[in-house]
Structures are given as structure tokens and as C-alpha cells.
Amino acid sequence: MEYNPLDIEKKWQKRWEEEKAFEPFEDESREKKYILSMFPYPSGRIHMGHVRNYSIGDALARYYRKQGFNVLHPIGWDAFGMPAENAAIKNRLHPKNWTYDNIDYMRKELSSLGLSFSKDREFATCDPLYTKWEQEFIIKMFDSGLLYRENNSVNWCESCHTVLANEQVEDGCCWRCDNPVIQKQMPGYYLDILRYAEELLDDLKLLEGKWPHQVITMQRNWIGRSEGLEFKFELSDESKKLLDNNFDGYEVFTTRPDTIFGVTYSALAPEHKIVEYMLENNLLPEDTVKALEKIRNMSERDRAQADKEGYPLGISVIHPLTGKDIPVWTANFVLASYGGGAVMAVPAHDERDFEFATKYNLPIIRVIEGGETLPYTGDGKLIDSGVFSGKDNNQAKKEIIAFFEAERLGKKQINFKLRNWGVNRQRYWGAPIPLVHCPECGLVAEKIENLPITLPDDVEITGEGNPLENHPTWKYCKCPNCGADAIRETDTLDTFVQSSWYQFRYAVNPKKWEEIGIDKDASKYWLPVDQYIGGIEHAILHLLYARFFTKALRDLGYHNINEPFERLLTQGMVLKDGAKMSKSKGNTVDPDEIIKKYGADTARLFILFAAPPQKELEWNDSAVEGAYRFLKKLASKSEKVKYDYLPEIEHSSLSKEAKEARAKVYEALKRGEDVYTKSFAFNTLIAGVMEALNALDKQDDDKVWSEGIYILLHLLEPIVPHIASEMSDKLFGMKNLKDKIEIKDEVFVKDSITYAVSINGKRRSEIEVMADASKEEILKVAKDRGAKWLDGMEIVKEIVVPNKLVNFVIKPK
RNA sequence: GCGGAUGUGGUGGAAUUGGUAGACACGCCAGAUUUAGGAUCUGGUGCCGUAAGGUGUGGAGGUUCGACUCCUCUCAUCCGCACCA
């Protein structure tokens, strides 16, 4: 067969399209597999990362479909977001047109790869129908208190003109545009993800062994649970007076209550309400005021890099156990947003406190034994700690917490690094937040029957200000509650909200899309996603949000699923010349051009062959040629096939080469199952197929050839579906793609076995013995062969590893 | 600093439970074919050595008859977090 990839691929893609070959069955009695590659942002063109992502997913989907599973393998578009607005500013295109045009183009590109998606279930997250259901969830979340509005210090991207969630700040910069993020005080909408912090952390255990270890670790660290003591520092009488009796103390949190006798000062964040009060009421020296203003204008990141700096506030608190006076400082290293924005400081046993105390000559009191120098943060016995002296510090932790609880001085407390998810964005191209500001009723949810609240089309997008805010009429509405003139919320939702529940939307039968957002029964059948495939860059962001949303929607009664993604595969990046492909570096390879030149099958084969999916993949033009060459060779072997079915073969009568070829073919078949279901090491499967083809080429038995090609095409179909379908159709009437193929163990039985002969563990030679040879016979042959090395030596030990090798341990006589 | 991962030929990468290191492919070399180039085919290809042989999985030790694989230490690279009290 002549290999004409373009003709073949067009032909099969058309056929698949006409036959609607990849729609799941409406038959829930069948065993299901839900295979999902992360959906793309419709940026305009696909890139090699997409090709890799969808090639992996498609191979799995096709494999399971062939094994008789009911497979859901959908595609959609993560279609809201900044780039559409940037394009609007730059090229005067409407975000909606830009987005849908891009989707049309990319859809074509993806189909040219021959991906087996369910077309009926495709949607874009900017479709009003998708927005409608999302707004319903948001209203339910608002009603249940999970969504709330609060004035807070937020991350603000100067370039995107919008706030960002904590997870979306990378290295102090915006995750999308890489510009610096500043802190700004403003009202925002928050999803109370902390309500689920404990569950999100605990359930990571369920994912152990199914998700990459490092993703689990990253999530665990991000959630950042810590246990400790929260207690109140009572202000001294003088200090209370100084603060006009507006405060009687403040809460601090510590994970080291065992060191509490070593407290020599306490420090407040520059944003702490006491500091705030002192600033407003001119209770601080002028230098301090100026310095604090400077610090308060710094971002968290800049502060983290700055040297420790602080100022005494001229007030003091009472140590709850010793009754001593403790001076209170304000310091740049105390975070306002964690643990109440205040700390007790134990310089002897905390590096930060030590550094600060040293700088400002504050006293340092050791209360734990151990370590040669201070600060010492390890374990040890308590000293100078009142009744707790002499105790082991871990025991003392518990006892001191118990003591505080008994005396009602404080309580055991669990804190998280995780912050609530800020979900509003001051942008146009997003899902409107379905809430209304009423002068009478306050913040009110839209009526469900009014959903979706859609975006106005007639907007001017300039990049300045919030386009919805600036729209002449859109925001004016009636209060859904009292009917008074009211104003719509003009912020839109973070795009990560859309991608947090799309896995449930695909499970809804499209016939029901108008009636329901999430289908409880369908979710029960299809969810969780059996295999999720995507980039490691979403280890925290999307994967944490989607887990949270799954739990939140479960509790709102939409479904009964606890975790959305059963197994996760994080693919490595596609590199060129050792660097990530990017336009700015000019090292991109355009998938379209590769497909045009070699066909989709070559692209898919190369990308799965060049590296295991988890690893980075270095693009290599000549290796792509190699993949193409293999397919050409495969096609040319059509002529060797003389039987259009799996012929009966009398194995024992075959030549040595033919036996070898069969063994290789069945070895590949055996490996296939492991690769497709567990290891995903497609590279080794492909190598096995190549080996088998090479072995077939060394013999000329018609039956062995027919059987070999029959099986190899079966194995290759998920990877190179076009050529595999074409050849299978021509040669076998597709029979080889329909059923499982039984492994015939007899082909692995060999009449003779090659043993390596090693001396002192070093391979010296090899021997061939009959398969039924006894240990003694093997040793005899091995000794003859190894005579050269054994001569004049004493054999100390003889080891025979069945089917592998013989080892002689020798020493001079 | 803390946490995680990875180190195997010129390159991408293989090596069930410890059992013939370098499968498969790229590249390279030689040959065949060709007017030539390209394409294709055949053979070779870890390193040193003409060879015998030696040596070899980042490095140093250890366990073992036998270590890419297990243990200890160490170096390098990459990624994530980064004052979370």
C-alpha cells in the first residue's frame, strides 16, 4: 500500500463525522470510562502542548472504546478571559466574535488530528446557556453564605486592571500577564473555600497513588494546615488608657506554645487595628508614622524581601502565665492576613524573632534545652518554664494548651495558609455575577427565572475601567426583592469558576441542557473522571478550585461526588532547543504545518514515541521524519498479508525467525494492556511494535505476517487511528479493531534458551541450552564455555538464575 | 531556607521482584542503488584499545554471588513554596 496520509486522513475523518462514531451510548448498564483532557482556552491556534494533551487522551479513549467500554471523551472551550479583551483593544474585534471565530478555527485544527471527541457535547463556557447554570450555582452559594462580599486587601494587577486570587499571583506577578501585583483595599466577592479546607486536605489521601505525588504535595502545602494555641494578650492598664480604653488586648496564634515562657516581646502587623488606631489618633512618633506608611504601601512580596524592620509602639501586654510586662512592637514581617496579624515573639526558639531581637537588642530567653547556638528550633526539655520545666517540649505543647483551655485563657486552634477565593474580576468578558445592589435591601440575588444575566454586546473596550460599569444602561435594574431602582453588580466571575464544574456539564445529555445544569443521575454514572490529563501548571489553581467546587455543589444537592478526578496524568512540556516553545523566543513548531507535511498520524506517533507523557518532550525534526518512515514502512507491508483473518498457526512447525517474530508480536500485545491502563508509557509500546515489525521482516511465513499485522494494527489504532483504520479496513474488514485479542501463551514457550555465563558477576560469554535442560546440564555447558576463565581457579559458588544466567564465583587456588 | 523531582551513549530514551546495561529511534560511519543530490536498502556504532582485554548508569562509600535498581553520604540541574509565627 502506498502511504498517502492526507488522503487517508481526510477520508476517515469524514467517515467518523458522518457516522457520529464517538458519541457515548445512552446505556448506563454498560461499564463506562470518562476520559478528559483539560479543555483549551481558544487563543486562536493550537500548539504542540495541545497536540500532546489530546493525543494522550485520545489514545486512552480509543483504547477503552475498543475494549467495549461506554466512553465519554468530550471537548469544549474555556472561552471567557482577558486575551479576548486584549484583542478587542488591539484589533477592535468584539470579544465575542474573536472568541467564537477562534473556536471555529481551532475546532478544525483539532479535527485534523483525528481526535475522537463527542461532538454533541461540545460547548463554550461563554455560551449563555452555560452562564445560566453557573449563575444559578452562584446564587445558591450566596444564599448559603458560601459566597460573600467583604472589603479587604486584594491583589491588583495594574495591567489587567483587575483583582486576582491568591493562587493567581506567581512570584508577586500576575499569572497571565506577568506584571507586578500590588495590594489594594477594596470590596470583593469571596468563595469560602476555607470551609472545605479540612476536607480538601483529608481527601488528598484518597488520591494517593492515583495523582502524581508532587501535585498532592503542592496542594497539601498550599492548604498549609497548622495546629497551635490561640490566646489573648491582655494590655497593661497604662496601655489601655493610652488607647482610650478602646482595646483591652488582642489575639495571637502560635504553633509553639511550649516556648511561651521565652516570650520577650510581641509584634503586630502594620495593618493591625491597634496600629491603625494609633496612627489615626497621632499616638506614635512622627518617624514611626512615616516609616509605617512606607511599609504599608509595600506589597507582601516586597516586604518578604526587605530586611526586618520594626518600631516600638510604647504599649505593653501582660504575659498570661508569668504576669510580666511584654513590650509591643509593630514589624514588617508580621502578616496581617494570618493568625490575627499578631505574634508572640520567642527569639531563643524562632529564627525570625531572633533576627529581629538581635537587631533591636531585645532580650532573648532560652526555655528549651538543646542545640549549641540560638535560635534553637528543635525538640528538647523545657527549662525556666514554671511548672512545665523539665518536660519534653512536645508533651508540654499539649499540656500548655490544656492549661490555657482549663483556665479559659485561650484555646487550641487550627489555621490554614489557604485564603478564601476572590472570584470577582473588574472585566467585561466573563460571566456576570448575578447579584444586585439595592439601596433598600442591600446586596440581593437575582431571581432564578431571570437567568442568565447576559453581557451586553454594545460595549466599548478600551482597557480603561470596567466596561460594564461604564455601559450607559446595562447596570440599571429593579431590585428582585422590593422592586426599587437598583444597580447590577458590574464585576464578572473569575474564569476559573467556569472550569471548576465543566466536568459535570459534559456528563449531562445534551437533550437536557436546557432543563438542567448538572444531572445527578448522569453524574452518578459518569463521574468521577476516570482519567484526567493536563499540564502541571494547574497543580494548584484549577485542580484545587475544581475539587472545591465539586464538594460545594455536592453540598448544595447537585450530585453526590466527592472528588472530580479519579486519576490524574500531568504531561510534560513540549520543548524546542531545550526551551519552552514561545512566539517571543521564535522556537515554535506549528502543528498545522507538521500535519500538512506528514499527516496527523506522524505527529501523534512522534509525540507519543519521543518521551513518556509525564516527561518533557524535546521536539526533533529528524525524529519526526523517523516516525513518518515507520508508518510508510508499515503501509508497505500490506502486501505481506494474505489472510483477512487471524489464521490458525502450527507454532512448532515454524522457523526460528518466525517463532521469534510471533513472540515479539505477542509481547507487544501483552505490553499494550499495561501501557493503556496503567503506565501510559506509549514510547515503550511503540518501541515494542517496531521491534515486532523488524522481527516479522526477518521471516516470510504468510500466516505469521498476517497475524502480526492484524495484531500490530490493533495495538496502534489508538495512536495512529487513520492509517490503522485504513489498513485494517482493506486487509481485515476491521475485524481486528472490534474485539479484544487473546494472548497465546504458547508463542512464549521456547525450545532453547540463551544463558549468559558470568564469572564473579561479570558477563563473559553465553550458551544456548534446551529449554528442558537440568541445572546440572546447564552448569556443565557453562563450565565448558567458561573454561578459559575457570582454569586454575577454585569455584566457590555456582548460581543458576532460571532462563537468565549462570554465575560462577571463583578465587585463585 | 523548606518541600518535591531528575541525573544512563553524540541525542530522545529502554531495562518485572536486584540477574546479559544501552531495547526502540534519531544522528553518525561504511556499503548498495543513483549521472548527481534526495529518497530507499544492508551493515556497523557506549568509551579506551590494532587486538586480547579493560572500563562504564553524576560522584564517594556500603550491602550482595550479582546493583541503573537497595542503604549512607555527596554533587549538579529543574520545579514548587517562600517571613504562614
Sugar-phosphate, base or nothing in reach of A:Ala306, heavy atoms under 4.0 Å: base
A:Tyr628 ring center within less than 6.0 Å of A:Phe606 ring center: no
Dot-bracket line, read 5' to 3' along RNA chain B, where crossing pairs take [ ] and | marks a partner on another strand, Watson-Crick or G-U under 3.5 Å: (((((((..(((......[....)))((((((.......))))))(((....)))..(((((..]....))))))))))))....
Glycosidic class, syn or anti, of B:rG9 using a 90° window around 0: syn
Using the 3.5 Å cut-off, write out each protein N or O paired with an N or O of nucleotides 51-57 of chain B and the distance between them.
from, atom 1, to, atom 2, distance (Å)
B:rG53, OP1, A:Lys788, NZ, 2.8
B:rG54, OP1, A:Arg764, NH2, 3.4
B:rG54, OP2, A:Arg764, NH1, 2.9
B:rU55, OP2, A:Lys762, NZ, 3.4

Partner of A:Lys411 under salt bridge (charged side-chain N to carboxylate O under 4.0 Å, His left out), chosen from A:Glu251, A:Glu227, A:Glu230: A:Glu230
Output field: ring centroids A:Trp789/A:Phe808 closer than 6.0 Å: no
Pair A:Trp421 and A:Tyr545, ring centroids less than 6.0 Å apart: yes
A:Phe496-A:His542 aromatic ring centre distance below 6.0 Å: no
Ring centers of A:Phe233, A:Phe231 separated by less than 6.0 Å: yes
Atom-to-atom span, CD of A:Glu537 to P of B:rG4 - whole angstrom: 22 Å
From CA spacing to verdict: side-chain contact (heavy atoms from CB on, under 4.5 Å), A:Gln219, A:Leu543: CA-CA 9 Å; A:Gln219 291 217 354; A:Leu543 289 168; 3.6 Å; yes
Integer-rounded Å distance: B:rC79 C1' and A:Lys580 NZ: 13 Å
Sugar-phosphate only, base, or nothing, as touched by A:Val689 at under 4.0 Å among non-hydrogen atoms: nothing
Contact state string [nucleotides 12-29 of chain B, B base, S sugar-phosphate only, - no protein heavy atom under 4.0 Å]: SSSS---BB--BBSSS--
Crowding at CD, A:Glu673 (>12 non-hydrogen neighbours, <6.0 Å): no
Minimum-distance nucleotide (side-chain atoms of A:Lys632 versus B:rC83, B:rU40, B:rA82): B:rU40
